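Working notes, beginning with the structure itself.
We name chains A, B, ... by the order of the sequence lines, and we start the count at 1 in each one. From a predicted model like this one, the values you see are computed outputs, not experimental measurements.
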Protein chains: 2
Amino acid sequence: MGVADRRQREKEQRKTGIIDAAECLFFSRNYEEVSMEEIAREVELNKATIYLYFENKEALYAAVVLRGVAILKEKFSACREQKAQGIVKVALMGQAYYRFSQEYPQYLRLIHFYGTERFSKENPCTAEIGKGYGTCRLLLQDAIREGIDDGTIRADLDPFLASMYLMISFMGILSMENKWKLVIEAEGFSSGQFTQEFFRFILPAISTHEKSHAMDAKDFASFGFSLTGPVEPEKKNQKNA
Amino acid sequence: MGVADRRQREKEQRKTGIIDAAECLFFSRNYEEVSMEEIAREVELNKATIYLYFENKEALYAAVVLRGVAILKEKFSACREQKAQGIVKVALMGQAYYRFSQEYPQYLRLIHFYGTERFSKENPCTAEIGKGYGTCRLLLQDAIREGIDDGTIRADLDPFLASMYLMISFMGILSMENKWKLVIEAEGFSSGQFTQEFFRFILPAISTHEKSHAMDAKDFASFGFSLTGPVEPEKKNQKNA
DNA sequence: TTAGTAAATAACTGATGGTTAGTAAAATTG
DNA sequence: CAATTTTACTAACCATCAGTTATTTACTAA
């Protein structure tokens, strides 16, 4: 059935087009500030047509959020492949989250807001979003388990709990950074410092005590980022400037 | 001027009455699900009258949020008075946050949602809310400083950053607990365990390494809560039940 | 009693999420 | 090719709700 096939394809394209338009607008303004009418204008369709493709505004928003989660999941998955000790993988995943927040700040914003009570979540996308985010957490959990096995992570840690705590903290730190920007900068820290220093802060909570400070700097450096290295000296440099 | 005085008092009472009604409704349902009309019905006033006392819906919501923040601030302040080592004070403040989330889960919910992009924050209450929350963070910061001085907290920690990380993490853990409840319980943890274990998890990030595990259990116990004590043995008891 | 003020309201406006009834074009059928 | 059905789309509409305006009521002070 070539015709039905083509129709299906076209329908998919329409849907993509609508999500594109919605994304563009949701990126530029808050959820409540974007109207369905406006999105419709953007794709050059009637508002009612959008409702043929998406149950409601929330569902459309969720579709955009899902794109973001898919990217995040991709980044987390890439960390698993790395041949490294558990603790390094954990750090890499934290780094992945951070890079995601740098490369796609708008996706992060939408993901964060979607996690809010504002959304009822009774829509098909939500399950997928939850699964995607859950997958990230599981990848982190696996890395923690590996770290416990190879002795780089505290053995008394419960991998599930630790992964939850880290995911929640990551999300908190990264999405709060904007809100507290002024306070942070008033204290003489850049946004980058603020998030990077968090890794240094949290590391002793997961790494085995004996090795933590000694080994990390070298091992992490070989993976292309400096966690414990040159952060200290230039810390707070702006403060008394 | 007795009359003007009474009038002022009555006006204040009206305002309080309106906030009471709003609180009642915002506690029972989401922000978007509560209409001004409904709040007006609750206080037995006309909707327009509410607008004589509050600029808009957000401002009214903020007034409720402010009540919650005031309580939280009170709890944090109480911790400062305690005669204890810095690390213990920090733990007490974490505990205070937790108890707040138990005693006033609705206030916590509103505070968390008010921190969202949903609100423009261009209203007089917001400054006070920010100040209140900021005060809590400062109290925590002071406790951290004390801990560094008395040797119970890592000396290489920046008090400002550490206080930010802790506040953000606290808020995240406590407000996420609801959302992830099912996942958490599916893993065999109760909500209480989930939050309590977080303290155990985060402690090594702030306490000086040498003493952390040894001293805490005793010292904390004397302040009426068990942080590191009996949590481990009964952990995950439900999981394979 | 009356003039003036403050508190409160009924009725309205504008915007928006979502629905309905209907149209036009493409695909299918005979 | 003509008749019929299916599909994609739309104009007009509805209900709700935040916020405003014009007006009325209640109280005070002279």
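- Checking D/dT10, C/dT9, C/dA8 against every side-chain atom of A/Thr49, the shortest atom distance belongs to D/dT10.
- Contact annotation for A/Phe54: no contact, since no heavy-atom pair falls under 4.0 Å across all strands.
- Remark: C1' of C/dT19 and CD1 of A/Ile50 are 14 Å apart, rounded to the nearest angstrom.
- When the C1' atom of C/dG17 is taken as reference, atom CD1 of A/Ile39 falls 11 Å away, rounded to whole Å.
- Residue B/Glu37 contributes atom CD, which lies 9 Å from atom P of D/dA18 at whole-angstrom precision.
- Ranking C/dG17, D/dG19, D/dA18 by closeness to the B/Asn56 side chain, first place goes to D/dG19.
- Side-chain to base pairing of A/Lys47 with C/dG18: one donor and one acceptor N or O lie within less than 3.5 Å of each other.
- Set against D/dT7, D/dC17, C/dT9, the side chain of A/Arg7 has D/dT7 as its closest nucleotide.
- In this structure, C/dA24 forms a base pair with D/dT7, meeting either the Watson-Crick or the G-U wobble geometry with both donor-acceptor distances under 3.5 Å.
- B/Val43 comes within 4.0 angstrom of no nucleic acid atom, judged by non-hydrogen atoms across all strands.
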Q: Kindly indicate, with the supporting measurements, whether the criterion salt bridge (charged side-chain N to carboxylate O under 4.0 Å, His left out) is fulfilled by A/Glu58 and A/Lys121.
A: CA-CA 8 Å; A/Glu58 291 192 12; A/Lys121 319 271 171 47; over 6 Å; no
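- Under a 4.0 Å N-O distance rule, the pair A/Glu10/A/Arg6 qualifies as a salt bridge.
- For B/Glu32 and D/dA18, the CD to P distance is 9 Å, given to the nearest whole Å.
- Using a 4.0 Å cut-off between charged nitrogen and carboxylate oxygen, B/Arg200 and B/Glu197 count as a salt-bridge pair.
- Remark: A/Arg6 is in phosphate contact with C/dA27, judged by side-chain N or O atoms under 4.0 Å from OP1 or OP2.
- Across the protein-nucleic acid pair, B/Leu45 atom CG and C/dA6 atom C1' stand 15 Å apart, rounded to whole Å.
- When rounded to the nearest whole Å, the span between CD of B/Gln13 and P of C/dA7 equals 14 Å.
- Of the candidates D/dT10, D/dA8, D/dC17, D/dA8 carries the atom nearest the A/Lys11 side chain, counting heavy atoms from C-beta on.
- Checking D/dA18, D/dT21, C/dT19 against every side-chain atom of A/Tyr51, the shortest atom distance belongs to C/dT19.
- The listed nucleotides are C/dT20, D/dA18, D/dT21; the one nearest the side chain of B/Met36 is D/dA18.
- Of all nucleotides listed (C/dA27, C/dA10, D/dT10), C/dA10 comes nearest to the side chain of B/Ala48.
- When only modelled atom types and interatomic distance are considered, B/Glu23 and B/Tyr107 share a side-chain donor-acceptor pair under 3.5 Å.
- Computed from coordinates, the B/Tyr61 OH to D/dA18 C1' distance equals 17 Å when rounded to whole Å.
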Q. A/Leu139 and A/Cys79: side chain to side chain contact (heavy atoms under 4.5 Å, CB included), yes or no, with the steps?
A. CA-CA 9 Å; A/Leu139 290 168; A/Cys79 297; over 6 Å; no
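- The main-chain N or O of A/Glu122 is never found under 3.5 Å from a side-chain atom of A/Thr126 such that the two would form a donor-acceptor pair.
- Between B/Asn46 and C/dA10, a side-chain N or O to OP1/OP2 separation shorter than 4.0 Å is present.
- Whole-Å rounding puts the B/Glu58 CD to D/dG19 P distance at 7 Å.
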